Amino acid sequence: MDARRAAITTMAALAAMLAAPLASAAEEAIEAAPVAVETTIPTTSLWQVLLAGGPLVIPIFVCSFVLMLVVFERAMALRRSRVIPKLFVERFLLQISEGAVDRQGALELCEENTSLVADVFAAALRKWGKPAVEVEQAILDEGERAASSMRRYLRAINGVSTVCPLFGLLGTVWGMIEAFNEIAGSSAMGRPELLAGGIGTALMSTAAGLCVAIPALILYLYFIGRVDALVMELDRRGQDLVHLISAEGLEDRRNRPVRTSKAKKAA
Amino acid sequence: MPLHHIAPLATLLQLPTFWICVWIGLLTATVAIIWLIRTRLRNIKSWQKCAILSLWVHVLLACLTATVQIAVGSAGGGPGYGPPIQVALLPDELEAIATSTDATPTPLEEFELDPDATDVETLKAADDTSEVDEAEKPPAEPFEAPQLLAKAEPAPEPAVEETKAEPEPAAPTLNETDEQVAVETPPPAAEPAGAPADATAKPLASAAESIAPTAAVAAAPAASPVSLPRRKQLPAPYAARFAANRTELVAAGGGNTQTEGAVRAALNWLAAAQSKDGRWDAKRHGAGREYYVLGQDRKGAGAQADTGVTGLALLSFLGAGHTHQEGLYQPHVGSGLEFLRRSQQPDGNLCGDAGLFAQMYCHSMASFAVSEAMAMTDDERLGPLVRGATRYTIAAQHPTDGGWRYRPGDTGDTSQLGWQVMILRSAERCDVPVPPIIWTRVDRFLRQVERGQAGGLAVYRPEEARPTRTMTAEALYCRQLVTGRADGALSPAALREAIGSLSAEPPSTAQVNLYYWYYATLALHRAQHTTPEAGEAWRRWNDALTRTLLATQNKDGSWPETCIWAGYGGRVFTTALGAMCLEVYYRYVPPEESVDASDIAAQPDWQAVPPR
């Protein structure tokens, strides 16, 4: 409860901070305007140019916010410590291979851990002593569930990368329509600079859309690759466990205790 | 970090100190947020953490975009964009720029000049000359003034001189109305005045056959005994307004006592119609009613056109020789001028509260009135007003097109051009310099609107095809003003075409169009001596004009609002234009008549042809 209140106050503070520099930036622009006229090269801030892009810049801003939200969430969720904590996996496999924990103890260990690999291991442990095929099937089922939970929200990133350019294009078309209407309405025929100016500001929204869409696509590809790598590792670790706890594996260990010393050495 | 430490950092990064402070604050906040998320906010939901982070990333990005300054091209819109500057160097204008002196400021420079500073300078200059005046003989001044002005535009002067019968040198002496001057011939003007001493005798002797030369000289001071000596210089075009023998001039020009009576009645009506604060209230006298003239909605233009109709009313007073310093209507003219002075905006604009379709007309009509008043009285108090208004007019011209329209910088139309050209010509008579390039552009515009087989007709806007009589009359008068010649430097065929077109629609009660009549009367009056046909056309026009105007005038002296544009201008507009039409016989003295029998009219028009 306390944490939630702290979060809310932080959000409010952030909103205030967001508003303050932008307001000051607007003031700055107004103050700077006469100065800019006096100097030889008129300059304007990128922010002002962006705002001149038209109303469709607003959904692009929203998309950008959603994108960053999901990206941060995924970046946290797909950390190795959340999916396959190395230390836990190695200790767990070692303890099983040495026979230090039985089925019930291993299950308790898995339930204590919150990582995804612990869920997969727990599913496998329930089939302790069953034939390898059965254990593998349990691991595959749980692995599938884990993979889909890792892929969750990635579709949102993909969606942002698809929709943002479309918003930008819509803004451009809108702006072009306005520019042409202005030309048609006033006696501006033969003054191409008016048309060029209108199109220039209209293209600004496409640029904004692409500026959001390109990072979104790159991040999407990165996250997809990361999920695939994690799924493969999950599968590999699961196979290791199958070798240890399936009926065949237990038999092998009993017949060839050499492997355990090997495994011990490796650990 | 103290501010004096930040300043060098700012110069190093080429950022304003403000932004350095902002960035330092943002970085601190970033570190604080990361620390908070790792410690105190460790246990909140991951979604909330992500939201905070996402928001913060956007704050940083927004600040980054606000910091980055980019150079902008001509993509209009958004603050920080300067007004577009249009530059055009055309072969015609290169010549004009080369011939113009360095002292003549370009319109842009002139626009940026501090009006107070220039005023002080000119006032000083005026003081200097007046001191010189008092020290030396008063007659020295008028000699100097025309001469200096003639020098300002050097090249074309001799050419003009050849065409006219010795007009130039005669100016100074006749301006005096003082016999001593002719005898003494002060040293500063010795060279130019040497010849004129003889020359003055010639036109007087040759022209006035019935009057003996001595009588003519004697008549000169009697012509306007009080006013003329006080005036430092009266530009020749206005001389006849003060002539003692104005009735003779009227009779010679085609008018009669009835037309003079009509003018007097109209002026009386105008004097009575003036509001207490000096303005002629356009709306009170029926302006601003929507008539959809020529099928266009002008949003009731004219309802707020007080400065415009005030200008027109003042022009009709000035046209009959009534200024704020002499004549019967001194208080009326004075308070009208005072109203215009109050209405002037800081940039020189005299449009008052007029709407889009009326504002440039209002500015030009009011400016025309004040510059004519200043030229006639040489009253330096009007100087800032005239200079400001002229500056605005010059700045409002379209730089390549050469015309004027409803807003400064619009591509022009012929109707506006006429008023602006009249302002500029009378401003030049107030010693307000008009850069030669302005005339070059006006000339270019006039060529754009030329139509007809010989180029004598004109259209309203350059892209139109069908010439109209109103625009033909206006363009012809503009050409006469620009070139300073009665034929407007048109080819004989073009002149014949123009005059033929105008005389095909003489004034009639069937369709009253005072705007057309005003320009056509001025143009035909000025062109009457060019060819016998023109003289005949003027006679017929004049007959129709006087007949129609006298027949349609109301009993109170005003003209009814049946005219085509009367819905916009109201009764003041119709009455002022009607009076000005009937003042045509003495309103302006064309240079060609300088050898005429009239005493003062022998002065030359010193205005020079601009370099072309």
Side-chain angles (χ1 to χ4, degrees), chain A residues 2-4 6-8 10-11 13-15 17-22 24-26 28-30 32-38 41-52 61 64-77 187 189-191 193-194 196-201 204, chain B residues 16 18-19 21-23 25-26 29-30 32-33 36-37 39-84 86 401 405-407 410-411 413 461 463:
Chain A
D2 191 35
R4 173 164 295 178
I8 289 165
T10 316
M11 291 288 275
L14 280 177
M17 287 180 88
L18 175 74
L22 292 188
S24 62
E28 179 87 346
I30 290 161
V35 180
V37 170
E38 274 171 27
I41 303 169
T43 59
T44 183
S45 70
L46 199 56
W47 179 252
Q48 297 292 330
V49 175
L50 207 61
L51 287 188
F61 270 132
S64 169
F65 180 79
V66 169
L67 170 72
M68 292 317 287
L69 187 70
V70 174
V71 164
F72 276 117
E73 200 275 335
R74 281 294 93 183
M76 285 178 187
S187 61
M189 222 46 214
R191 285 171 71 185
E193 68 271 13
L194 278 184
I199 293 175
T201 48
M204 207 52 227
Chain B
F18 170 81
W19 280 114
C21 296
V22 166
W23 277 112
L26 287 175
T30 310
I33 284 174
L36 270 175
I37 284 178
T39 57
R40 191 163 300 179
L41 301 178
R42 198 182 172 77
N43 296 325
I44 63 166
K45 279 180 190 164
S46 68
W47 278 115
Q48 290 174 349
K49 275 188 218 174
C50 293
I52 293 171
L53 284 174
S54 172
L55 198 59
W56 189 247
V57 165
H58 282 91
V59 169
L60 291 180
L61 282 176
C63 290
L64 190 69
T65 54
T67 315
V68 173
Q69 295 286 314
I70 52 172
V72 286
S74 57
Y81 292 81
Q86 297 175 336
D401 177 85
R405 202 157 160 78
Y406 302 126
R407 280 169 305 190
D410 285 356
T411 54
D413 65 54
R461 300 201 71 188
E463 63 264 24

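The figures here come from the full heavy-atom set of this structure, side chains too, leaving out hydrogens, waters and symmetry mates. Bear in mind that the values here come from a model prediction, so they are computed numbers and not experimental data.
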Between [X] and [Y], is any pair of side-chain heavy atoms under 4.5 Å apart?
X	Y	result
W47(B)	E73(A)	yes
V68(B)	W47(A)	no
L53(B)	M76(A)	yes

Qualifying residues under side-chain hydrogen bond (donor to acceptor under 3.5 Å, both in side chains), relative to T30(B), sequence neighbours excluded: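 For T30(B) the side-chain hydrogen bond (donor to acceptor under 3.5 Å, both in side chains) partners, ignoring immediate neighbours, are W56(B).
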Salt bridge (charged side-chain N to carboxylate O under 4.0 Å, His left out) involving D401(B) - partner list, sequence neighbours excluded: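 Not a single residue meets the salt bridge (charged side-chain N to carboxylate O under 4.0 Å, His left out) criterion with D401(B).
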field: Nearest-0.5 Å distance, OG of residue S54(B) to CZ of residue F65(A)
entry: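 Reported to 0.5 Å precision, the distance equals 4.5 Å.
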task: Enter the distance from M68(A):CE to L55(B):CG here, rounded to the nearest 0.5 Å.
output: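 Result: 11.5 Å between the selected atoms.
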message: Can you give me the closest heavy-atom contact between S45(A) and A66(B), atom names plus distance?
response: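 Minimum heavy-atom separation between S45(A) and A66(B): CB-O, 3.3 Å.
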task: Report the C-alpha separation of K49(B) and L69(A) in whole Å, then their side-chain angles, then the decisive distance to 0.1 Å, and conclude whether the side chain to side chain contact (heavy atoms under 4.5 Å, CB included) test is met.
output: CA-CA 9 Å; K49(B) 275 188 218 174; L69(A) 187 70; over 6 Å; no
